[in-house]
There are 2 protein chains.
Amino acid sequence: MESSTATGGGSTGGGGGRREATRQKLYEAAVTLIAEQGFSATTVDEIAERAGVAKGTVYYNFASKSVLFEELLRHGVGLLTASLREAADRSAKEGGGTVAALDAMIRAGLVFIDRYPAFTQLYVAELWRTNRAWQSTLMVVRQEAVAVVEGVLRKGVESGELSDEIDIPLTAAALVGMVLVAALDWQSFQPERSLDDVHAALSRLLQGRVGGNR
Amino acid sequence: MESSTATGGGSTGGGGGRREATRQKLYEAAVTLIAEQGFSATTVDEIAERAGVAKGTVYYNFASKSVLFEELLRHGVGLLTASLREAADRSAKEGGGTVAALDAMIRAGLVFIDRYPAFTQLYVAELWRTNRAWQSTLMVVRQEAVAVVEGVLRKGVESGELSDEIDIPLTAAALVGMVLVAALDWQSFQPERSLDDVHAALSRLLQGRVGGNR
DNA sequence: GTTTTTGCACTGACCAGTCAGTTCAAAAGC
DNA sequence: GCTTTTGAACTGACTGGTCAGTGCAAAAAC
């Protein structure tokens, strides 16, 4: 269903769907390899080989190795952000309140990581690196994701559900970190656990049933 | 001065001898560079230059680039573990209970990260990578650190202070992640905040004053 | 006199990026 | 219909450069 049509219907660009399919294959190959080995240790030859494509094709489709990587990052974080936002909105519609919304976002985060573990790994590994070409891309993209969480927290404070003592940016970062790290640990070191287990543990922590009042 | 190595500390100039001093300088140079650029993107020549040492000296002191890195990891995580354990023990001696011990460990973690940001960054970036030579080293060393947190949680459950519903390994991972990510975010994106601010935010989260009962 | 460091030339592997050439399906010409 | 042309997509050998690691004689430190 993919490549045979060169017609491309109303799509822009001369080649139609073939090109997009190639790019997709390259993304997929790159994300796994870079997550496993890191950006510098992954060669363009490897990416091309894993995608089943010649090296030249990589450079036909992307200006450089790092441009390929940057577009990968943008695409992936876009997906995550959309997923978080959707979870928050749905929860809001169901009228569960702020804590329910946070909980829904935790679950959405876990589902995302479960589905795209390689991307998550790569994101975490690169996020705090300074001195790299794509650093600014990463910062923008990070802020987008954290902002979704901050938005929910802010609403909670405004509505009086959450104490106005809480530090919104720091708390948002901590929550994101909690989910990220717990999920990566789950994938790497306790893959036998179910998503529900992990969600339950994080939920308990969020709701203060670990260190909390009783 | 700013020494962001996790390798400094303890041994004063006198004890180690000339060779040890050289190794320290190499650790310090390597940790910063690798945190900034990643392992593969950092060259041995760079490390030697930053350490103010000839390239041959690197190979006189370490069998290879990756051996240097592995020893760096072991050393750094050793310091972190010791610091966490000490915080937990001191808190236990003061009789503050489990939550106080967890809180003390959070602070110890923050202090460590504040002192050795480069090491922390590098550790997080490498921790979930598969396929690398030092992967097994990392797993051992990670388990050591998480085990300290798990120990405290376990004690809390046994003494009835914590619900026995909590999932100890997952909760420990989540707590570690929370501290790690919040601290790295603090360093990278909100460096103007004080350690106390960050500690307070995390403390609140731990004690359930965010999503918790009231 | 032994250990450690230096300086530097050298090698062999590896790798990002290039480019001249190939493929093939659709459009144009007949 | 059928041949020819076009050009986007793709190919893979090749280049120029980089880098881990070596070898070694001489200096420095202890």
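Proteins get letters first, then strands, A, B, ... in listed order; numbering begins at 1 in each. Given the structure is predicted, the values throughout are model-derived calculations rather than measurements.
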For atom CD of A/Glu49 and atom C1' of D/dA13, their distance in whole Å = 16 Å
Per atom distances to the A/Ala54 side chain, the nearest of D/dT11, C/dA16, C/dG7 is D/dT11
Between D/dA13 (P) and A/Tyr59 (OH): distance, integer Å | 17 Å
Rounded to whole Å, the NZ-P distance (A/Lys25 to D/dA9) equals 14 Å
Between atom CZ in B/Phe62 and atom P in D/dT22, what is the gap in whole Å?
-> 15 Å
Nucleotide of D/dC19, C/dT5, C/dG17 approaching B/Tyr60 most closely (side-chain heavy atoms) | C/dT5
In terms of ring plane angle, is the pair A/Phe69 and A/Phe39 parallel, tilted or perpendicular, where the classes change at 30° and 60°?
-> tilted
Take the protein atom CD of B/Glu20 and the nucleotide atom C1' of C/dT5, then report the distance between them rounded to whole Å.
-> 16 Å
Tell me whether the centres of the aromatic rings in A/Tyr116 and A/Tyr123 are closer together than 6.0 Å.
-> no
Does a salt bridge link B/Arg50 with B/Glu46, judged by any charged N lying under 4.0 Å from a carboxylate O?
-> no
In whole angstrom, give the distance that lies between atom CG of B/Leu33 and atom P of D/dA20.
-> 12 Å
Grab the CG-P distance between A/Leu26 and D/dA9 for me, whole Å please.
-> 14 Å
Measure from NZ or CZ of A/Arg107 to the centre of the six-membered ring of A/Phe112, then state whether that distance is under 6.0 Å and the direction lies within 45° of the axis.
-> no
Starting at atom CG of B/Asp45, determine the distance to atom C1' of C/dT6, rounded to an integer number of angstrom.
-> 14 Å
Of the nucleotides D/dC10, D/dA9, C/dT6, which one has an atom closest to the side chain of A/Asn61?
-> D/dC10
For A/Val53, which contact category applies under a 4.0 Å heavy-atom criterion: base, sugar-phosphate, or nothing?
-> sugar-phosphate
Quick one: is A/Thr43 getting a side-chain N or O under 4.0 Å of the C/dC14 phosphate, OP1 or OP2?
-> no
Between C/dG17, C/dC15, C/dT6, which nucleotide has the shortest distance from any of its atoms to the side chain of B/Thr57?
-> C/dT6
Could you tell me whether B/Thr42 contacts a base, only the sugar-phosphate backbone, or nothing, with contacts defined as non-hydrogen atoms closer than 4.0 Å?
-> sugar-phosphate
Return yes if the base of D/dG21 and the side-chain atoms of B/Lys55 contain a donor-acceptor N/O pair under 3.5 Å, otherwise no.
-> yes
Would you indicate whether B/Gln143, at its atom CD, is surrounded by more than 12 heavy atoms from other residues, nucleotides or ligands within a distance under 6.0 Å?
-> yes
